[in-house]
Amino acid sequence: MDRYDPQAIEARWQAEWEREGAFVVPNPSPEDAPREHTYVLEMLPYPSGELHMGHVLNYTLGDVVAHIRRRRGFTVLRPIGYDAFGLPAENAAIREGKHPRDVTNRNIAAIREQMKRLGWSIDWSRELSTAEPDYYHWTQWLFLKFFEAGLAYRKGAIVNWCPNDQTVLANEQVIDGHCERCGWEVEARTLEQWFFRITAYADRLLDDMETLESWPERVLTMQRNWIGRSEGAEVIFRIEELDIDIPVFTTRPDTLFGATFFVLSPEHPLVEQLAKGTPHEEEVMDYVRHAAGRPVAERADPENEKSGVSTGRFITNPVNDNRLPIWVSDYVLMEYGTGAIMAVPAHDERDYAFAERFELPIKTVIAPADGEVSEDEAFVPHSDDEVLVDSAQFSSMTSPDAKKAIVEWLESRERGRPAVSFRLRDWLLSRQRYWGCPIPILYCDECGLVPVPEDDLPVLLPEVEEYVPKGRSPLAAAEDWVATTCPKCGGPARRETDTMDTFVDSSWYFLRYCDPQNDEAPFDPGMVDYWLPVNQYIGGIEHAILHLLYARFFTKVMYDLGIVGFQEPFARLFNQGMLHYRGAKMSKSKGNVVAPDEMVERYGAEAVRLYVLYMGPAEDDKEWQDAGIEGMFRFLGRLWRLGLEVAEAGPTEGEPGGPLVRRAHETIAKVSDDIERRFQFNTPIAAVIELVNDTYVAKEDPEQAAAVRFATETAVSLIQPYVPHIAEELWQRLGHERLWSTAWPEADPALLERETFELVVQVNGRVRGRVEVPAGLEDDELVARAKELPRVAAHLDGKEVKNAIVVPGRLVNLVV
RNA sequence: GCCGAAGUGGCGGAACUGGAAGACGCGCUGGACUCAAAAUCCAGUGGGGCUUUGCCCCGUGCGGGUUCGACUCCCGCCUUCGGCACCA
């Protein structure tokens, strides 16, 4: 008998699938009969290195889903590509001292080999790289559409600057004041940059989460927090002597009577004007400079003591005409609300800390419902059952009522209105780096900012000698490329030298897959509307608010522009957990990675595929165990020997029947339900192992040959989505063909109905016996049978049975 | 601090709707095969106790509660992980 030789089996079937084009899915033609179709998508890899075990989990998960859906009769779109531009690839290239294009292409070739070696059922005819001109041509085209719609714009702003990567970062790429990629502390810089107006879509990005079919709750929560919608009011305060109105945003208009001072952000445009010519001018301007120089992380830390200076000016509170001193402090953010706040130290912790520090008055205007105001306790935390005090005609109203009443009162005097504020900022998309998609914009001395005409796309990334970042884009060094002529006036113009954030490239790749060779348009809208939305998207949790928010935004803009016919790109989302090894998250920097290639070489691709899914729930973080994969390798050997033995025994006589056949049908039902309804991938493997174990016992009995054959074929068929090579090989040896396109087995409902069951008998809730009884007995008959059991009788011991609980088909509980 | 998820044998994990806790795998123990080893096959394996064919007690982070019955539901804690965090 042949030994199980994964390398030979896997090579054979991978070649066969390639030859047959087994997983190539052409787009439908109008004359084709309609077919049920589905789009299974996994996040595309960055080619900054080779695939790691996390990728193996990701793509194997998708492969199981794709295989089972094909066998359910669906046409399955299952493409792949490479998110090839961007910092990771460029930094890898710099480390190696090579050109980013060479390093990227080399890594792509390596990843492609790994993917093929793992035998994933991918439609390779749709493969794409976001760094190829035939792709980024259309990234640029989309940018121009956004620009025409006013959704891509340039402005000067305080931005996050990473001194190590020498580029600006989007808000989403700053984690605790540090660069998401390299971990360096981020600085604040005032620069003119390109932005996407994602804030215009804040409400829709929030509201449309309701329409998603199935997304993990944690991702929805993260996006909700990130968008950060707050309802409140805008209230206009007035500096009488300068005749200036300053609006503030507040979620607590009910505390307006408790305002005792007023604070401007150091970046507020009115600060200089207010201070000018007053005795405070020098002190205020010193403070503004000091705040600007503070590291972002330090400024943002609420644990730090509050700092600030008084301007010596006063502003009038519109509800009671109180004159409040105006201070400047960096605890007020220019980016949120209006950059100015009314300070209510009695009811806001930050204002309270500031008031304590600078000995400013504290006035309580909210009290618990019992009306007791503590004289000593200055700060009152927010609660639901509280009423206003010391607030003129609004006193004794509850907080919610007062919010409404005060805003209405302000509105009638044109000193305020209801308002909504978002935490979300516009997406800063320009990067001062070489390896990215050029921004198709020109600057002309006569005409100003001019978009590159569509016919001139793509703007090719120029070759430069020096691409190491130095604070300005390396593209600026390509003088011949930068200098061009204005398409409007024909005069001299210069090209934009910044490149786009990689997340722009990956915000629409899933659409390009539908029509990847199109050179007239980014895609045929009909094809995109046919395949999208993605039925199942699978990827890492790290993109919960980056890629997944951006892609949703892009889709909504394209919908508004009439380019696509749907508003959400991904109907169902699944995030796999992270892999740990030796107690820590697997990562190159920690040196605790398990290299897929080594494992594949030692055990074959399929033991690896099986083990990554067997480890535990796919969505949980899990610990890799070296011994674990050996168990899967042993199982595959066991399945192999069983399959060959049954194949060699040849055809059997008579109908398969008996407990093993019943068992096989139960396994069909469990595996199908676990994968398709519960999206659970570890327990189906356990179920098939059990079936194989039972079959090993049964095959000792020659009477059961037909049942053994049936159970073996069922096991091979059910495990195929996980280990398609060995399954195909065995299937063929068992006398069949093309398991990959063979209908998924159906469980016979008649066989799932049991004729007898094991009745569990409890006395006072404790299990005291069990007995095999026929199904369908009456309750009192079950109780009678239960009482007959010797152990049960011993525990009843002549006592009176007060109550008997009967759960049909399961148990009897006798209460004494 | 706020929000979310999770705590089950020596280990990874099962137990779906409140009904036999520990499926399956790893590890370990014993046996078969072998000159021997590997591989393979079979059996056992939560803890404690006893009058050991078997029976009893304890047991799902901790403390309460609901229920005939709780890993599962409720209340209060503890711990771990993830996210957010001067967002007015």
Side-chain angles (χ1 to χ4, degrees), chain A residues 3 175-176 216-226 228-230 232 248-252 255 263 299-304 306 329-333 335-344 347-351 353-354 421-425 541-542 544-545 577-578 585 610-611 614-617 619-632 634-635 637-638 641 670 673-674 677-678 680 682-690 692-693 696-697 700 758-770 791 794 802-807 809-816:
Chain A
R3 270 181 76 94
I175 314 291
D176 287 335
E217 196 50 50
R218 59 175 166 163
V219 175
L220 296 176
T221 304
M222 281 193 220
Q223 292 212 355
R224 244 176 245 124
N225 290 344
W226 191 258
R229 185 188 148 101
S230 296
V248 302
F249 173 76
T250 178
T251 55
R252 297 293 310 275
T255 64
V263 190
R299 244 185 95 162
D301 189 350
E303 298 300 310
N304 289 338
K306 300 277 179 285
S329 172
D330 63 6
Y331 84 90
V332 175
L333 310 174
E335 308 91 76
Y336 186 75
T338 63
I341 62 155
M342 62 162 191
V344 184
H347 308 292
D348 182 282
E349 272 183 277
R350 298 149 300 177
D351 297 345
F354 193 85
S421 197
F422 292 94
R423 213 192 76 106
L424 184 70
R425 309 283 147 75
I541 187 70
E542 67 273 18
I545 40 183
M578 301 223 216
K585 199 168 95 184
L610 203 54
Y611 180 56
Y614 186 69
M615 286 170 80
E619 67 273 24
D620 288 0
D621 289 357
K622 292 166 292 282
E623 171 85 13
W624 176 279
Q625 302 203 330
D626 292 319
I629 189 168
E630 303 219 21
M632 289 301 101
R634 278 204 282 269
F635 165 69
R638 209 166 142 81
R641 288 187 297 277
K670 172 157 180 69
D673 187 57
D674 279 358
R677 182 180 64 84
R678 302 179 66 202
Q680 185 165 303
N682 52 338
T683 46
I685 302 172
V688 173
I689 293 174
E690 277 186 81
V692 168
N693 289 347
Y696 260 78
V697 175
E700 297 307 310
E758 196 168 41
L759 178 71
V760 174
V761 183
Q762 297 179 332
V763 178
N764 286 343
R766 290 174 167 279
V767 178
R768 297 300 181 187
R770 54 193 85 126
R791 259 180 81 202
K802 280 191 238 159
N803 195 5
I805 312 286
V806 179
V807 181
R810 264 189 208 277
L811 70 75
V812 167
N813 186 12
L814 304 170
V815 186
V816 298

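In what follows, chains carry the letters A, B, and so on, assigned in the order in which the sequence lines appear, proteins first and then strands, with residues in each chain numbered from 1. For the numbers below, each heavy atom of this structure counts, side chains included, while hydrogens, waters and symmetry mates do not.
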Read 5' to 3' with Watson-Crick or G-U pairs under 3.5 Å, [ ] for crossing pairs and | for partners on another strand, RNA chain B gives (((((((..(((......[....)))((((((.......))))))(((((...)))))..(((((..]....))))))))))))....
Rounded to whole Å, how long is the line connecting atom CH2 of A/W226 with atom P of B/rG4? 19 Å
Give the nucleotide from the list B/rG82, B/rC57, B/rA88 with an atom nearest to the side chain of A/R766. B/rC57
Classify A/N693 by what it touches in the nucleic acid, base, sugar-phosphate, or nothing, heavy-atom distance under 4.0 Å. sugar-phosphate
Using a 4.0 Å heavy-atom cut-off, does A/E335 contact any base of the nucleic acid, only the sugar-phosphate backbone, or nothing at all? nothing
Rounded to whole Å, the CG-C1' distance (A/D674 to B/rC16) equals 8 Å
Counting any heavy atom closer than 4.0 Å, what does A/S230 reach on the DNA or RNA strands: base, sugar-phosphate only, or nothing? sugar-phosphate
Which atom names give the shortest non-hydrogen contact between A/S230 and A/Y336, and what distance separates them? OG-OH, 3.5 Å
Nearest-neighbour nucleotide for the A/D621 side chain, B/rG12, B/rU40, B/rC81 considered: B/rC81
For A/I689, which contact category applies under a 4.0 Å heavy-atom criterion: base, sugar-phosphate, or nothing? sugar-phosphate
Please measure how far the P atom in B/rC71 lies from the corresponding atom in B/rG65, and state the result in whole Å. 15 Å
With rounding to the closest Å, how many angstrom separate the C1' atoms on B/rG48 and B/rG9? 15 Å
Rounded distance (Å) that lies between atom C1' of B/rC26 and atom CG of A/L610: 14 Å
Using the C1' atom as the point on both nucleotides, what is the distance between B/rG13 and B/rA23, in whole Å? 10 Å
Could you tell me if the side chain of A/R252 sits less than 4.5 Å from the side chain of A/D348, heavy atoms only? no
Given 3.5 Å as the limit, does a donor-acceptor pair link the side chain of A/D621 with the main chain of A/M578, or not? yes
Closest listed nucleotide, where the reference is the side chain of A/E690 and the choices are B/rA15, B/rG13, B/rA23: B/rA23
How is A/R810 classified with respect to the nucleic acid when contacts are heavy atoms under 4.0 Å: base, sugar-phosphate, or nothing? sugar-phosphate
How do A/Y611 and A/N803 order along RNA chain B: which one's closest nucleotide is nearer the 5' end? A/Y611
Tell me which nucleotide among B/rC26, B/rC86, B/rA14 gets nearest to the side chain of A/K306. B/rC86
Does the A/Y611 side chain pair with the main chain of A/Q625, one donor and one acceptor, at a distance under 3.5 Å? yes
Nearest-angstrom distance from the residue atom CE of A/M632 to C1' of B/rG25: 5 Å
Taking the same atom, P, in B/rG64 and in B/rA70, what whole-Å distance lies between them? 15 Å
Quick one: A/Q762 CD to B/rG69 P, roughly how many Å, whole number? 10 Å
Would you indicate what A/R677 reaches in the nucleic acid, counting non-hydrogen atoms under 4.0 angstrom: base, sugar-phosphate, or nothing? base
Distance in angstrom units between A/E217 CD and B/rG82 P, rounded: 20 Å
Judged by whether its glycosidic angle lies within 90° of 0, B/rG65 is anti
Base B/rG1 paired with A/E349 side chain (donor-acceptor, <3.5 Å): no
Between B/rU17 and B/rC24, how far apart are the C1' atoms? Round to whole Å, please. 23 Å
Minimum-distance nucleotide to A/Y614 side chain [options: B/rA88, B/rG25, B/rC3]: B/rG25
Starting from the 5' end of RNA chain B, give me the residue, A/Y336 or A/G616, whose nearest nucleotide shows up first. A/G616
Nearest to the side chain of A/A686, which nucleotide is it out of B/rA23, B/rA14, B/rA20? B/rA23
A/R768 side-chain proximity, nearest of B/rG12, B/rC57, B/rG83: B/rC57
For A/D351, answer base if it contacts any base atom (sugar-phosphate contacts may also be present), sugar-phosphate if it contacts only those atoms, and nothing otherwise; contact means non-hydrogen atoms under 4.0 Å. nothing
Could you check whether the rings of A/Y331 and A/F354 sit parallel, tilted or perpendicular, using 30° and 60° as the cut-offs? tilted
Among B/rA88, B/rG83, B/rU40, the nucleotide that comes nearest once only the side chain of A/R634 is considered: B/rU40
For A/R423 and B/rA85, is the shortest distance between a side-chain N/O and OP1 or OP2 below 4.0 Å? yes
Base, sugar-phosphate or nothing for A/V332? Non-hydrogen atoms, less than 4.0 Å. base
When the distance from CD of A/E623 to C1' of B/rG25 is rounded to whole Å, what number comes out? 16 Å
Considering only B/rC68, B/rG25, B/rC57, which nucleotide approaches the side chain of A/N813 most closely? B/rC68
Check this one for me: any side-chain N or O of A/Q680 less than 4.0 Å away from OP1 or OP2 of B/rA15? yes
Tell me what A/V815 touches on the nucleic acid: a base, only sugar-phosphate, or nothing, going by heavy atoms under 4.0 Å. sugar-phosphate
Distance-only, no hydrogens or angles: does the A/K622 side chain make a donor-acceptor pair with backbone N or O of A/P617 under 3.5 Å? yes
Considering only the P atoms, how many Å lie between B/rG19 and B/rA88, rounded to the nearest integer? 44 Å
Please work out if A/R791 contacts a base, only the sugar-phosphate, or nothing of the nucleic acid, heavy-atom cut-off 4.0 Å. sugar-phosphate
Suppose you measure atom C1' in B/rG46 against the same atom in B/rA14; what distance do you get, rounded to whole Å? 15 Å
For a quick test of reading the model, state the closest non-hydrogen atom pair linking A/N764 to A/N813 and the distance between them. N-OD1, 3.5 Å
Flag the pair A/T255 / A/M342 as yes when at least one side-chain heavy-atom distance between them is below 4.5 Å, and no otherwise. yes
If the C1' atom of B/rG54 is compared with that of B/rC42, how far apart are they to the nearest Å? 24 Å
Exam field: side chain A/D351 to backbone A/V344, donor-acceptor pair closer than 3.5 Å: yes
To the nearest Å, give me how far apart CD1 (A/I685) and P (B/rG13) are. 14 Å
Mind checking A/R425 for me? I need base, sugar-phosphate or nothing, with any heavy atom below 4.0 Å counting as a touch. base
With heavy-atom distances below 4.5 Å as the criterion, would you say the side chains of A/Q223 and A/L424 are in contact? no
Closest to the A/R218 side chain: B/rC16, B/rG4, B/rC24? B/rG4
Does a donor on one side chain sit under 3.5 Å from an acceptor on the other, for A/N693 and A/R638? yes
